[in-house]
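The structure presented is a predicted model; accordingly, all values stated were derived computationally and were not measured.
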Amino acid sequence: MDITRIMQVLGVAESAAIASAEWNGLGDKNAADQAATTAMREAFNQIDFDGQIVIGEGERDEAPMLYIGEKLGRGGEAIDIAVDPLEGTNLCAANRPNALTTIAIAPRGALLFAPDTYMNKLAAGPACRGKVHIDQSPAENIQAVATCLDKPVSEVNVCVLERERHQQLIADIRAAGARVRTIDDGDVFGAIATALPHTGIDLYLGSGGSPEGVLACTGLKAIGGVFMGRFDFGEDVKAAEKRERAEQMVAEHQQEIDLDGVLTMDDLVRSDQACFIASGVTAGELVDGVRYYDDKIEVSSVLFSSAERSVKYIRNVKTL
Ligand code: VTB
């Protein structure tokens with residue numbers, strides 16, 4: 001992916017972070033999300049490219065902006081776009097850590113049009129490649145991570161979304177002798193954090209949104225980390241309906257995936273040219289939040305680029 005293009009998209013993430021940070025702590029998650037979405041769309045439309053939303057705010061009939069299939073930009077190179085304009089709307093509304101604006105880009109056809117259903121996820125850093133697997137038990141994966149990172153199981157830190165549905169998983173992790181770092185929301189952060197030692201998170205497990213799974217996978221794939229998923233349609237009355245919508249989505253976009261099988265990084269992101277960008281809205285372990293000075297505003301971002309297999313931290317200090 002061309003560096004100029006990456007820098008343009010970084011600017012889009014920064015604009016959205018600045019717009020939503022206006023709402024930090026004000027208790028209005030919808031307004032915060034709206035601000036991020038509007039800013040993102042406006043900024044994407046300034047770019048000379050043929051952008052297409054693959055993962056966005058929802059399907060066309062439910063989202064007025066950044067809906068799945070929406071075309072963005074002034075024309076040019078064909079690029080797939082996955083966005084979560086404000087990942088962690090509740091976190092922003094409550095001014096809690098790790099609210100991010102997130103974007104993944106890849107050549108056209110590379111990103112999976114993921115259905116809006118849960119996905120069971122496993123994420124880990126590059127050292128754990130080939131040693132962890134979503135079909136292994138939490139205890140087996142924790143042992144593998146401990147071996148790969150050359151530390152005792154008691155120092156392995158597993159990030160999990162704090163949800164009723166994860167009670168057994170959390171109990172299993174603790175029974176295996178590892179630590180749990182629960183998060184209220186925002187599992188793109190949880191998954192990506194496994195590739196960055198300074199976050200203290202070694203493994204991510206549990207079920208969250210499928211769209212967020214594709215975003216996190218793009219970042220982990222770019223730097224040689226591990227991501228595996230499996231759709232989780234649930235077992236309630238809506239399970240059949242969710243499955244049917246997923247089948248329709250897969251057929252509509254001529255994607256070849258097994259809805260019940262393991263989703264590999266190559267299923268979710270079919271390119272080695274993808275790139276993931278997150279800008280901080282509230283401060284967290286990944287990046288700082290938006291900061292204000294007298295006549296300046298500072299926004300911090302992280303960029304996972306497959307071309308360089310590197311993670312760049314970017315602080316942009318803009319004069320108002
Ligand atoms: C998940 C997770 C997201 O919201 O979608 C979650 O992937 C919603 O989960 O990162 P519940 O339905 O259990 O509340 C986030 O945490 C934030 O968008």
Side-chain angles (χ1 to χ4, degrees), residues 1-19 36-60 63-85 87 100-114 188 192 211-225 227 249-250 252-257 265-279 299 301-314 316:
M1 185 77 56
D2 178 43
I3 188 69
T4 311
R5 176 80 62 232
I6 295 172
M7 288 301 127
Q8 288 168 332
V9 176
L10 170 67
V12 176
E14 289 175 341
S15 302
I18 290 168
T37 305
T38 306
M40 218 176 234
R41 189 195 207 206
E42 278 173 16
F44 269 131
N45 276 330
Q46 305 296 316
I47 301 179
D48 289 324
F49 77 159
D50 167 16
Q52 169 182 258
I53 294 286
V54 170
I55 286 179
E57 290 288 272
E59 292 184 47
R60 190 182 196 141
M65 280 191 228
L66 299 182
Y67 56 83
I68 299 164
E70 183 173 349
K71 295 283 192 175
L72 296 165
R74 297 174 171 154
E77 188 188 8
I79 297 284
D80 271 2
I81 307 169
V83 296
D84 193 344
E87 158 67 345
L100 304 167
T101 61
T102 56
I103 304 176
I105 50 169
R108 177 64 43 85
L111 300 179
L112 183 78
F113 284 80
V188 174
I192 288 285
E212 287 86 349
V214 175
L215 278 155
C217 178
T218 312
L220 288 158
K221 182 167 177 171
I223 59 154
F227 186 94
M249 199 161 205
V250 167
E252 191 184 328
H253 299 289
Q254 289 138 26
Q255 306 186 109
E256 282 172 26
I257 48 161
M265 291 200 279
D266 291 341
D267 289 325
L268 301 174
V269 181
R270 293 175 292 255
S271 166
D272 289 325
Q273 290 303 309
C275 158
F276 171 81
I277 295 168
S279 296
V299 51
S301 306
V302 65
L303 159 61
F304 289 65
S305 152
S306 49
E308 298 168 66
R309 284 234 155 174
S310 73
V311 182
K312 286 187 168 61
Y313 292 89
I314 301 123
N316 188 356

Could you report the tightest heavy-atom contact between L303 and C275, atom names first, then the distance? CD1-SG, 3.4 Å
Of all heavy-atom pairs linking A13 and I277, the shortest is CB-CG2, 3.8 Å
Name the orientation class of the two ring planes belonging to H253 and F113 (parallel below 30°, tilted from 30 to 60°, perpendicular beyond 60°). parallel
Just verifying a value: how many Å separate D2 CG and I105 CD1, rounded to the nearest 0.5 Å? 9.5 Å
Residue from N45, I47, D50, D48 passing side-chain contact (heavy atoms from CB on, under 4.5 Å) with R74: D48
Just by modelled atom types, is the T101 backbone N or O under 3.5 Å from a matching donor or acceptor in the S279 side chain? no
L111 backbone acceptor or donor facing D80 side chain under 3.5 Å: yes
Could you go through the side-chain contact (heavy atoms from CB on, under 4.5 Å) check for T218 and F304 one step at a time? CA-CA 8 Å; T218 312; F304 289 65; over 6 Å; no
My understanding is that only one of R60, Q52, R41 makes a side-chain hydrogen bond (donor to acceptor under 3.5 Å, both in side chains) with E70; could you say which? R41
Assess the side chains of T37 and E57: does a donor N or O sit below 3.5 Å from an acceptor N or O? yes
Please answer whether the main-chain N or O of P107 pairs with a side-chain N or O of Q273 as donor and acceptor at a distance below 3.5 Å. no
Any chance you could lay out the side-chain contact (heavy atoms from CB on, under 4.5 Å) test for D267 and L112, step after step, and finish with the verdict? CA-CA 7 Å; D267 289 325; L112 183 78; over 6 Å; no
Quick check: closest heavy atoms across L215 and F276, and the distance to 0.1 Å? O-CD1, 3.3 Å
Closest heavy-atom pair, A278 versus T102, reported as atoms and distance to 0.1 Å, is CB-CG2, 4.1 Å
Between R108 (side chain) and I79 (backbone), is there a donor-acceptor pair under 3.5 Å? yes
Please determine whether side-chain contact (heavy atoms from CB on, under 4.5 Å) holds for the pair L10 and I314, giving the CA-CA distance in whole Å, both sets of side-chain angles, and the decisive distance to 0.1 Å. CA-CA 9 Å; L10 170 67; I314 301 123; 4.0 Å; yes
Could you pull out the closest heavy-atom pair between V83 and I53, with the gap in Å? CG2-CD1, 4.2 Å
Rounded at 0.5 Å granularity, tell me how far CG in L220 sits from CE in M265. 7.5 Å
Donor-acceptor under 3.5 Å (K221 side chain, A274 main chain): no
Kindly compute the distance separating CG (L268) from CZ (F227), expressed to the nearest 0.5 Å. 6.0 Å
Distance in Å, K71 NZ paired with F44 CZ, rounded so as to fall on 0.5 Å steps: 14.0 Å
In short, G109 meets R270 closest at the heavy-atom pair O-NH2, 3.2 Å
Under the criterion side-chain contact (heavy atoms from CB on, under 4.5 Å), I'd like the reasoning laid out for M7 against I3: C-alpha separation, chi angles, the key distance, then a yes or no. CA-CA 6 Å; M7 288 301 127; I3 188 69; 4.0 Å; yes
